[in-house]
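First the proteins, then the strands, lettered A, B, ... as listed; each starts at 1.
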Amino acid sequence: MSAPVATSPGTEPLLSVEELHAGYDAADVLHGVSVTVGMGEFVCVLGANTAGKSTLLRSVSRLVPRSRGRIRFAGTDLMALPSHAVPGLGIAHVPEGRHVFPDMTVEENLRLGAFAVRHDPAISGRFDGVLRLFPRLAERRRQRAGTLSGGEQQMVAVGRALMLGPRLLILDEPSHGLAPIVVDELHRAFLDIHAGGTAILLVEQNTALALSVASRGYVLESGRVVLADTADALADNPRVREAYLGI
Amino acid sequence: MRPSLVLAAVALTVAALLPLTLDPAGYLIRVLTVTLLFAAMSQAWNIVGGLANQMSLGHAAFFGIGAYTSTILLVNYGLSPWIGMLAGAALGAAFAALVSVPTMGLRGHYFALATLAFGEVMRVIANSWPSLTGGPAGISVPFAPDSLLMLQFKSTLPYYYLMLAALVLVTAVFVVTKAGALGYRLRAVKENPDAAEVVGVDTARVKTIAAVMSGGIMAALGTAYAQFTFFFDPETVFGLGPISIRVALIAILGGIGTAAGPIVGAFVIIPLEELANSWLSAGTAGLSQLVYGILLMLIILVQPRGLVAPVEALAARWRTRRAR
Amino acid sequence: MDKRSDHRGPRLLRPTRRAALQLGGAAVAMPFIARLAYAQKGPVNVGVVLPLSGANAQFGVNSLRGIELAAEQINKAGGIKALGGAPINLVVADSTSTPTTAATVGQRLITQNSVVAILGAYASSLSIALSEVTERRDIPLLTMSFSDQITSRGFKNIFQVVAKASTLGRAQLTETAEIAKDAGQTLQRVAIMYEDTAYGTSQAAGIRETAKQTGITIVMDEAYPLGITDVTPLINKLRGADAQAVFPASYLNDGLQIIRSMRQQRIGIPVIGGAGGYIIPDFKQGLGEFAEGVLSIAPGSHDLAPELTAEFRQRHGYFMTHEALEHAVCLSVLVQAIETSGKADPAAIRDTLHTTRFDQGWAKAMTGGAVKFDQTGLNTLSEPLMVQWQGDDLVTVGPSKYAKKKPIWTA
Amino acid sequence: MTDAVLAVANLSKQFGGLQALRDVSFTVAAGEILGLIGPNGAGKTTLFNTLVGIHKVSAGSIRLEGREIAGRKPHRIAALGLTKTFQNVALFMDMSVLDNVLVGALLRQDLRSARVTAAACLDRVGLGAVLHKRAGDLSFPERARVELARALATGPRVILLDEVMAALNAVEMDAIMGLIRSLRADGLTIIVVEHHMRAIMTLCDRIVVLNFGQKIAEGSPAAIARDPQVVRAYLGREYQA
Amino acid sequence: MVVIQALVDGILIGGVYAVVSIGLTLVFGVMGIVNFAQAEFLMLGMFVGYLAWAWLGLDPLIGSVIAFAVVFALGCVVQHTLIRRVLRAPPVAQIFLTVGLLIVIENAALLGFGSQFRSVTTPYQTSALRLGDLFISVPYLAAFLMSVVSGLALWLFMNRSWYGRAMRATAQDGMAASLMGIDADRMRRIAFGLGVGLTAFGGAVILPYFTVHPTVGAQFVVLMFTVVVLGGLGSVAGAIVGGQAVGIIQSLSAMAFPVQLQNLVLFLVFITVLALRPQGLVGGAR
């Protein structure tokens with residue numbers, strides 16, 4: 001199922017994960033997962049709660065203590081890097097559960113997103129862009145992020161990631177636990193971001209929603225990729241419909 | 001027969017016979033006696049620190065209460081220290097119950113700091129109440145001829161057996177508690193207090209019971225200590241460094257929550273202190289303590305779960321294998 | 001300031017560096033040598049238990065220096081003549097600053113090193129705990145701790161070479177009244193402040209009792225916790241107390257803070273310290289010119305016997321502190337007792353100590369030029385001295401028979 | 001409903017300024033399986049925690065078999081017959097599987113008989129073979145079963161199951177659902193919180209829907225699936241199909 | 001008048017308590033470690049300040065900068081070689097590693113510097129400003145002003161610099177911080193260095209009125225914990241409030257109670273705050 005590694009840089013995918021085994025304590029969570037995200041592509045990963053979706057994303061960001069296999073991003077071997085070196089390459093990761101810095105203001109949160117590129121003069125322009133994308137954050141610029149509602153916190157988390165000016169945006173369960181109307185707003189924003197040329201790797205519990213925005217998807221079960229196809233094909237796949245869409 | 005029981009029987013036999021080969025008033029037996037005492041104190045701490053997972057840094061409070069109660073009763077009313085020991089244990093247990101009230105809801109570092117403050121409060125009180133405690137000048141147990149009733153001997157040998165008996169007793173209390181219903185409940189509270197409550201464990205009650213047991217025993221040991229050293233001052237029995245931190249440290253280095261931990265810890269720490277002191281203290285001031293401190297850090301870095309942890313792990317593996 | 005730093009800082013560090021170099025050899029080998037030597041029936045082992053680490057380390061180190069000086073002198077002069085020139089061998093143990101350790105190391109010296117007597121342990125609580133062991137093992141303990149408890153328990157094996165704390169406290173007040181009277185002032189209102197240690201409280205008790213007897217009013221009587229970090233509340237109280245003189249009993253840090261804060265608030269009344277931190281070289285070093293005129297009671301003073309104490313100053317660069325002096329006296333008296341009894345046997349030594357008047361060696365540096373113990377073990381000849389910082393030195397100014405200079409009363 | 005085992009009336013819960021539950025009322029009949037659904041953050045777990053006494057009730061009443069239990073501590077409520085399992089599996093990780101369940105059984109029994117009960121409960125949930133394993137070493141599906149066994153061991157009348165099927169595949173889920181039904185057959189009253197719609201729809205007799213701390217609907221699975229408000233708030237447009 | 005004097009004294013000394021305690025709370029805030037050896041770094045700072053005075057003739061207020069730098073570097077090393085290894089260990093192991101560190105530093109100082117009490121002499125240490133009946137001790141005032149300056153500098157660093165914000169981020173959510181490209185290990189190193197360095201700075205600043213010796217740390221350790229608990233463990237702003245509270249409580253309580261009981265009063269406040277408001281007086285604000 002794994003795509004052959006392209007030799008010419010023009011055809012190499014932006015992110016390629018090959019034969020990844022990863023885990024935390026004794027047992028592996030992932031057993032040889034291969035996933036690719038092309039330049040500017042919108043890819044989603046589906047699966048049950050403990051299928052290993054987050055572990056896959058966290059492996060890319062080097063947050064998983066044990067992993068073997070290959071992860072390459074735009075020609076760089078990620079396996080050799082510590083987690084704090086990853087954002088500098090242009091990978092922004094919005095973790096599950098938002099993880100905003102609760103005692104900092106919205107503005108401080110957003111600005112910290114640019115830490116890895118802190119000398120980049122484009123930062124202030126990006127800041128304005130984030131506020132345009134999420135006007136609600138402009139109103140709450142000086143408010144402590146910990147006091148925001150869940151949806152607003154998710155906007156902070158996404159906005160913070162955008163401050164990096166990423167080539168790849170990793171989104172882990174962004175609509176988890178949010179009111180539908182907020183979810184809609186977020187997903188519109190994701191489409192905007194994607195339209196701007198940023199590749200997105202999305203993990204989403206809400207399968208229907210994920211398939212409606214992504215162009216391609218993978219289905220993970222018990223740490224293995226069991227399906228990989230276009231979003232439309234997956235939405236029509238009886239197995240997906242039965243297990244994940246509940247239809 | 002379980003191997004741990006065999007081991008305990010062998011250790012006890014050795015401990016009972018060992019003094020016969022030693023000078024009954026000598027140095028070695030004194031070191032062993034102090035070691036046994038600290039093992040017992042640590043074991044008492046272990047009931048709260050190990051079973052309930054409440055890191056008390058204020059156990060000196062109970063220890064001092066026991067030492068002062070019996071000695072004050074002896075000095076002022078001529079009461080036998082045995083009676084004083086009971087009175088001290090009762091007071092220590094009552095104080096433990098009192099301390100439990102404000103510290104009940106605290107966890108981890110917060111509990112440690114609150115108990116630390118309680119220990120210091122007792123030290124300040126003992127220091128500032130000379131009419132009762134003799135104040136900072138300390139208090140002496142009146143000199144008396146050898147007498148079991150007055151718990152006073154010229155030789156160290158009887159104290160050795162006293163402390164050995166105390167250690168066996170406290171360890172038995174610990175083992176029985178741990179294996180009993182209370183032990184299961186305490187372990188449950190330690191692992192997850194909310195889950196324990198929801199399946200019917202009265203967490204406040206079991207924690208208080210553990211604290212009261214531990215405090216009462218600690219106070220009784222305070223009396224034993226007073227009768228052994230004959231003189232103490234507030235800093236000696238209520239001290240943060242000499243008592244509170246030391247008993248916790250012994251249990252932690254040995255292995256917190258295990259019956260063997262405090263004993264192993266005491267038999268490592270106290271002789272280590274003595275060796276460092278006797279080899280190095282004559283030369284340069286501070287060297288012996290420096291070496292001691294470095295060794296402490298090394299043990300913690302190499303074996304943060306205590307010296308008996310590797311043995312425990314082996315035993316656990318063996319048990320699982322047999323269970324299959 | 002430059003001159004001071006050249007003079008003080010580096011020199012204070014020097015002995016320590018030397019000590020650190022010895023660490024490899026002497027420290028490790030000492031117990032071993034001690035045991036070996038005993039087997040040859042040569043040297044007489046004398047135990048020394050002192051707080052060499054912890055809060056009282058400085059005083060323990062000074063005490064050890066005094067003992068070492070006396071031991072060297074004795075050995076250089078041919079050892080103990082009654083034992084065919086047997087040298088003194090010091091077996092030193094660190095009591096740290098905890099009583100339990102003092103007792104345990106005492107036990108060790110007795111059984112492992114067969115010491116004939118023990119010297120120490122500076123702080124009263126350490127000495128008392130240690131004496132519980134020496135008493136039960138019938139080993140003489142010579143101490144310069146001045147707590148009343150030392151000799152009030154009916155022990156047979158303890159010897160206190162200095163006056164008791166209550167005597168010191170009494171003298172602190174009566175001597176001061178004396179000095180004030182000579183300067184034409186009647187002492188009526190005094191202030192006491194003391195750290196809440198055995199030493200501070202017993203000293204204060206002595207002053208308090210004497211004040212009651214002599215009709216002097218105590219207008220402020222305040223204990224403060226050991227290790228106080230801010231003395232201003234005390235000085236604020238003193239300011240409102242309208243005292244003619246203040247009697248602080250404290251170690252160095254609080255003492256310096258008290259004097260400095262008094263100077264800041266321009267409280268100019270005489271300060272009469274209660275030994276402790278007021279009579280060590282660091283007091284002068286810390287206060288400079290502001291030490292001038294500060295009085296203190298002292299159990300002994302180096303200037304009573306300059307011919308004996310000069311060597312200490314030469315060796316260490318500061319005058320022989322009283323604890324160093326008195327510990328040297330302890331050793332010297334012990335050796336004289338061995339000489340008199342003719343054997344290095346603890347019981348014989350004890351009996352000799354109880355019955356003999358010692359007026360040789362370092363005993364001459366004590367008041368009365370000798371040491372004589374009564375049946376409780378108290379040196380009956382020891383009288384408290386009044387000392388005062390004058391110029392760069394601490395000089396004895398009272399009682400008049402011992403005074404080297406006239407006291408200055410600056411009220 | 002006269003035979004209500006559990007009756008919740010006007011229950012509110014506030015955390016500081018946050019209104020986590022507002023005026024929630026519902027009843028559960030004896031032997032019923034009630035489903036509780038709603039988006040994350042709707043207050044389902046808060047409701048469970050408030051019912052069993054982990055959170056203090058801000059206002060309202062909770063009656064268990066006619067007895068007011070609001071304001072009581074969790075262990076008292078457990079003793080009266082109401083307990084729950086935990087969403088993220090709150091086992092006593094360092095204890096053996098048997099000992100985990102034993103703690104629950106100790107509520108009503110001495111150590112000796114508790115051990116027997118614990119083993120029986122573990123048998124019941126199909127874990128009779130791993131009694132001596134460390135709970136922390138179990139797989140997620142196994143852990144959920146231990147949670148269930150531990151709750152059963154307390155001898156409850158009403159049991160609240162918080163996402164016990166979260167980590168399960170279809171086969172495992174069917175097994176657990178079978179187990180839940182058999183418990184109901186034994187007379188237990190059960191409330192389940194579950195995200196998995198298929199499970200909820202087939203398992204439950206009735207469903208209560210929460211959103212933003214408020215009850216927005218209540219009724220049979222079929223009725224709930226059609227309820228426009230529920231569809232808008234929770235199920236999303238896809239379920240309209 | 002007496003009350004005002006006590007209040008002024010309390011505020012001045014409170015500033016000093018705050019600056020010596022900020023480090024403790026900073027280390028806890030960033031790493032969740034209660035550093036029992038914190039007061040030993042105060043002692044080291046005092047020694048560095050003392051040596052700078054004795055050897056170089058520097059006033060301790062200037063020497064305090066050297067004290068900060070030296071102890072900062074030492075702190076980074078300690079963090080890297082020791083503390084880092086117990087970050088994931090049980091709290092008991094963390095506490096007792098720092099207890100071991102306390103013993104080692106204290107006795108290393110005893111070996112290295114000797115047991116003498118040392119103090120500096122400065123021209124201003126016995127002077128005071130006089131405003132009517134009010135005395136303002138110059139060394140206290142100087143220490144207070146230095147504390148305010150260092151507090152401001154810390155505030156600016158934490159709130160206005162990339163590194164400061166990154167450190168706060170690490171404290172609040174280490175995982176999210178590394179997703180921002182922040183090297184959490186490095187931030188912890190800097191935080192520990194900064195924490196002990198500030199304490200050392202505070203130590204040097206009080207030299208004009210305090211004496212240094214190897215066990216001086218013991219005089220401050222319980223005090224520092226009280227300050228930090230009153231302010232809320234981990235809260236830098238809280239340490240400032242806590243320092244002021246302790247200074248004022250000490251100063252005012254001396255008017256109603258014997259000075260001897262001042263620690264008793266503090267401990268009772270300490271226990272009450274822990275039991276009723278474990279998050280400290282300042283609450284959730286960090």
Side-chain angles (χ1 to χ4, degrees), chain B residues 49-50 53 55 57-58 99 101-125 127-128 135-136 240-241 245-246 248-249 251-253 256 283-306, chain E residues 28 32-34 36-37 81-82 85-86 88-115 214-215 218 221-222 225-226 228-229 233-234 257-258 260-276 278-279:
Chain B
N53 202 28
M55 250 281 285
L57 289 183
V99 171
V101 177
T103 59
M104 181 63 63
L106 303 175
R107 286 180 199 172
H109 298 299
Y110 293 92
F111 182 84
L113 290 176
T115 49
L116 183 152
F118 269 109
E120 287 293 286
V121 163
M122 290 310 290
R123 190 179 61 79
V124 173
I125 291 176
N127 235 6
S128 351
L240 182 60
I245 288 192
R246 207 135 157 248
L249 181 66
I252 287 154
L253 278 192
I256 195 168
T284 311
L287 185 62
S288 67
Q289 288 284 304
L290 180 74
V291 170
Y292 172 69
I294 289 172
L295 286 174
L296 280 191
M297 289 204 290
L298 278 180
I299 298 176
I300 288 167
L301 287 179
V302 172
Q303 202 51 262
R305 293 185 181 277
Chain E
F28 184 86
I33 289 221
V34 173
F36 275 71
T81 53
L82 298 172
R85 295 175 202 280
V86 295
R88 281 183 196 82
V92 287
Q94 298 172 345
I95 288 186
F96 282 94
L97 182 77
T98 64
V99 169
L101 187 62
L102 181 159
I103 297 172
V104 167
I105 297 180
E106 180 180 311
N107 289 284
L110 185 59
L111 281 169
F113 302 121
S115 55
T215 52
V221 62
V222 174
F225 279 116
T226 313
V228 164
V229 165
L233 269 175
F257 303 100
Q260 189 182 16
L261 297 184
Q262 71 173 199
N263 285 341
L264 191 65
V265 175
L266 269 188
F267 288 136
L268 293 177
V269 174
F270 177 98
I271 291 167
T272 312
V273 168
L274 261 183
L276 301 180
Q279 73 275 36

List in chain and number order the residues that pass side-chain hydrogen bond (donor to acceptor under 3.5 Å, both in side chains) with E:N263, two or more places apart in sequence or in another chain; answer none if no residue qualifies.
none
Report, one line per pair, each donor and acceptor closer than 3.5 Å where one atom sits in a side chain of residues 297-306 of chain B; sequence neighbours left out.
none

Check step by step if side-chain contact (heavy atoms from CB on, under 4.5 Å) holds for B:Y292 and E:N107.
CA-CA 10 Å; B:Y292 172 69; E:N107 289 284; over 6 Å; no
Counting only heavy atoms closer than 4.5 Å, note whether E:V86 contacts chain B via side chain, backbone, both or neither.
side chain
Whatever's closer than 4.5 Å to a heavy atom in chain B on E:L274 counts as both
Using a cut-off of under 4.5 Å for heavy-atom pairs, which of E:V92, E:V273, E:T272, E:L268 has the most such pairs with chain B?
E:V92
Quick check on E:I95 against chain B: is it the side chain, the backbone, both or neither that has a heavy atom closer than 4.5 Å?
side chain
Considering only heavy atoms from C-beta outward, does the side chain of E:F270 approach that of B:V121 to under 4.5 Å?
no
At a 4.5 Å cut-off on heavy atoms, which part of B:S128 comes close to chain E: side chain, backbone, both, or neither?
both
Segment of E:F96 engaging chain B (4.5 angstrom heavy-atom cut-off)
both
Heaviest contributor of heavy-atom pairs below 4.5 Å to chain B, chosen from E:V229, E:V99, E:L101, E:L276, is E:L101
Could you tell me whether the side chain of B:H109 and the main chain of E:F28 form a donor-acceptor pair under 3.5 Å?
no
Where does E:P90 contact chain B at under 4.5 Å (heavy atoms): side chain, backbone, both or neither?
side chain
Given that the side chain runs from C-beta out, which part of E:Q94 has a heavy atom under 4.5 Å from chain B: side chain, backbone, both or neither?
side chain
Side chain from CB out, backbone as N, CA, C, O: work out which of these in B:L106 comes under 4.5 Å of a heavy atom of chain E, or both, or neither.
side chain
